Undergrad: 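Pasting a structure here, questions to come.
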There are 2 protein chains.
Amino acid sequence: MDTALFTADGGRLVTYVVPLTRGPLNGKWAFPGGLVRTGEMLDDAARRELYAATGLCDAYLEQLFTFGDPSRDPVAHVVSVAYMALARERGLIAPPSGGYPEGRWFEVSALPPLAYDHGLMAEYALKRLKAKVEYTNIAYALLPREFTFAELEELYAAILGRPVDRRNFRRRIMAMGLLARQPGERRGAHRPAALYTFKQQSLQTVEML
Amino acid sequence: MDTALFTADGGRLVTYVVPLTRGPLNGKWAFPGGLVRTGEMLDDAARRELYAATGLCDAYLEQLFTFGDPSRDPVAHVVSVAYMALARERGLIAPPSGGYPEGRWFEVSALPPLAYDHGLMAEYALKRLKAKVEYTNIAYALLPREFTFAELEELYAAILGRPVDRRNFRRRIMAMGLLARQPGERRGAHRPAALYTFKQQSLQTVEML
DNA sequence: CCAAAAGTGTTGGCTCTACACCCATGA
DNA sequence: TCATGGGTGTAGAGCCAACACTTTTGG
């Protein structure tokens, strides 16, 4: 059970990895993970381990794929269920005591080599995220409650790995009807930007017939 | 490790289930499955169990989802990796000796209640199949090597659960460029039909930008 | 010649993409 | 007033859905 955690950070998509502290792969980066306990739901195990590794307790979680190549772990034949987790804030990461080492955020386009088959997991997670961002409101789990259109657009560009036309993007997102205008505006050095929020703070799929 | 096996049968989509022969769920229908051996790839285990249950050895296999609810099996906490398998021929099913009971094919729209969470698995598999049939050549694994356009169309209608416009369907499929005309024709009681085959006999994804 | 399935085009509406300028603000 | 990022509209192309008749064969 391993979890690829993502969040948005100033228009970049970043993922959280921790250094392994024992075994033959000591020192390599890997996604945080652990073992499922008997009688425990898989999702609960993922949530528990994510909390242990990061202190996060309300992240979005989704099962990705189960990796079972006997050679994936040099020590033993461990089958691993991979999860994708999405969090709102890059800060606030603090393992609540317990043996978890502190990890690091990397931009997904600049990931270091990962231990086991975690590189594959990262690819898989990104593929899933890319797909889902097109027809669901899944971005709600990556952004703070309130955000500007520009922030949303930057996030989409980072996830899709390509620039996005601002006007077409706005039209499409609006057509999906997922956003609600939020009172107030974000004021910076220039023209203030309107604030939006996702109407639903849980996964919602848009029918496209 | 459980496998939902499908095939096409005269324009219907059918799935194979076996009766459980022991335990508290004795007599209920379930997808064939078994345990992964230490040191075995998950896919290999699925292939092996599918062979043991049906005698099939060249089916298309794809991992679907991992079910880990501790209450899914009344006897013990068993985590199960669900697979979808697609086969070409409804006939030829014969467990090669070994304790496997004989199973039955059911049309997917008329499945009996299944044991464990296999009903969920069936739903999941169908969802995946529906999606993939739209942008891949995955139907190659369900049809005989040669088939008529009408057969392909019937299969699509069965998978999608809705009728399909013949002309639009032909246009779209042709546009994907997956088919090759096959010499000869299928002669029946009426006008003979041209034969086609999938150019690639392995999964191929069509880019749609 | 009749019944049954195979095969084939066109049109209108809709959607998508490409593209450039004005606006509001703070410094 | 200028620099910066926020916000907006339109036209042309391509795509998709809806729709019905002709062809070929066997009986």
Side-chain angles (χ1 to χ4, degrees), chain A residues 8-12 130-131 133-135 139 143-144 146-197 205-209, chain B residues 8-12 130-131 133-136 139 143-144 146-197 206-209:
Chain A
D9 171 50
R12 307 205 182 295
K130 254 188 217 189
V133 94
E134 304 267 21
Y135 65 95
L143 288 173
E146 292 187 336
F147 50 87
T148 66
F149 233 101
E151 288 162 353
L152 184 63
E153 185 194 321
E154 278 184 322
L155 174 61
Y156 268 70
I159 292 175
L160 298 174
R162 57 177 163 84
V164 165
D165 180 274
R166 207 182 334 155
R167 286 165 290 186
N168 295 335
F169 178 71
R170 180 181 286 255
R171 213 188 344 264
R172 228 170 334 189
I173 295 287
M174 285 311 194
M176 290 199 238
L178 303 172
L179 298 187
R181 183 63 198 280
Q182 210 59 357
E185 33 190 34
R186 164 104 18 113
R187 309 186 76 81
H190 300 292
R191 175 172 176 177
L195 292 173
Y196 292 86
T197 194
T205 297
V206 176
E207 290 305 329
M208 296 198 274
L209 272 240
Chain B
D9 171 49
R12 309 206 181 293
K130 255 187 215 189
V133 93
E134 304 266 21
Y135 65 94
T136 72
L143 287 173
E146 292 187 334
F147 50 86
T148 67
F149 233 101
E151 288 162 354
L152 184 64
E153 187 194 320
E154 278 183 323
L155 174 61
Y156 268 70
I159 292 174
L160 298 174
R162 58 176 163 85
V164 166
D165 180 274
R166 207 180 335 154
R167 286 165 289 187
N168 294 334
F169 178 70
R170 182 182 284 254
R171 212 189 345 265
R172 226 166 336 177
I173 296 287
M174 284 311 193
M176 291 199 235
L178 303 173
L179 298 187
R181 183 62 199 280
Q182 209 61 355
E185 35 190 35
R186 163 105 15 116
R187 309 186 78 81
H190 300 291
R191 176 171 175 177
L195 292 173
Y196 292 86
T197 195
V206 176
E207 291 305 329
M208 297 199 272
L209 270 240

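Just so it is clear, the structure is predicted and the values come from calculations on it, not from any experiment. Order of the sequence lines sets the chain letters (A, B, ...), proteins ahead of strands, with each chain counted from 1.
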Undergrad: Could you tell me how far apart A/F147 (CZ) and D/dG6 (C1') are, to the nearest whole angstrom?
TA: 16 Å
Undergrad: Kindly point out which of D/dT24, C/dA3, C/dT17 is positioned nearest to the side chain of A/R171?
TA: C/dT17
Undergrad: Any idea which of D/dG6, C/dT25, D/dC19 is nearest the A/P192 side chain?
TA: C/dT25
Undergrad: Measure CD1/B/I173 against P/D/dC16 and give the value in whole Å, please.
TA: 12 Å
Undergrad: Between the base of C/dA24 and the side chain of A/R191, is there any donor-acceptor pair under 3.5 Å?
TA: no
Undergrad: Quickly work out the B/R186 CZ to D/dG26 P distance and round it to whole Å.
TA: 15 Å
Undergrad: Under 3.5 Å, is there any donor-acceptor pair linking the side chain of B/R166 to the base of C/dG7?
TA: yes
Undergrad: Please give, in whole Å, the distance from D/dG9 C1' to A/M174 CE?
TA: 15 Å
Undergrad: Are B/L179 and B/T197 close enough that some pair of their side-chain heavy atoms sits under 4.5 Å apart?
TA: no
Undergrad: Output the rounded distance in Å from CG (A/N168) to P (C/dT15).
TA: 14 Å
Undergrad: State, with a plain yes or no, whether a side-chain heavy atom of B/V206 is found less than 4.5 Å away from one of B/T136.
TA: no
Undergrad: Do you know which of B/R171, B/R172, B/R170 makes side chain to side chain donor-acceptor pair (under 3.5 Å) with B/N168?
TA: B/R171
Undergrad: On a plain distance test, is the side chain of B/R167 in donor-acceptor contact with the base of D/dT22 below 3.5 Å?
TA: no
Undergrad: Send over the distance from A/H190 NE2 to D/dT4 P, rounded to a whole Å.
TA: 7 Å
Undergrad: Are A/M174 and A/Y196 side-chain neighbours, meaning at least one heavy-atom pair lies under 4.5 Å?
TA: yes
Undergrad: Take the protein atom CD of B/E151 and the nucleotide atom C1' of C/dG7, then report the distance between them rounded to whole Å.
TA: 15 Å
Undergrad: Which one, D/dA20, C/dC19, D/dG6, comes nearest to the side chain of A/D165?
TA: C/dC19
Undergrad: Closest to the A/A194 side chain: C/dT25, C/dG7, D/dG7?
TA: D/dG7
Undergrad: What nucleotide among C/dG9, D/dT8, D/dT25 has an atom nearest to a side-chain atom of A/R170?
TA: D/dT8
Undergrad: Tell me which nucleotide among D/dA17, C/dT25, D/dG6 gets nearest to the side chain of A/R187.
TA: C/dT25
Undergrad: Rounded off to whole Å, could you give me the CZ-to-P distance for the B/F169 and C/dT8 pair?
TA: 14 Å
Undergrad: Between CG of B/L195 and CZ of B/R181, what distance do you get to the nearest 0.5 Å?
TA: 7.0 Å
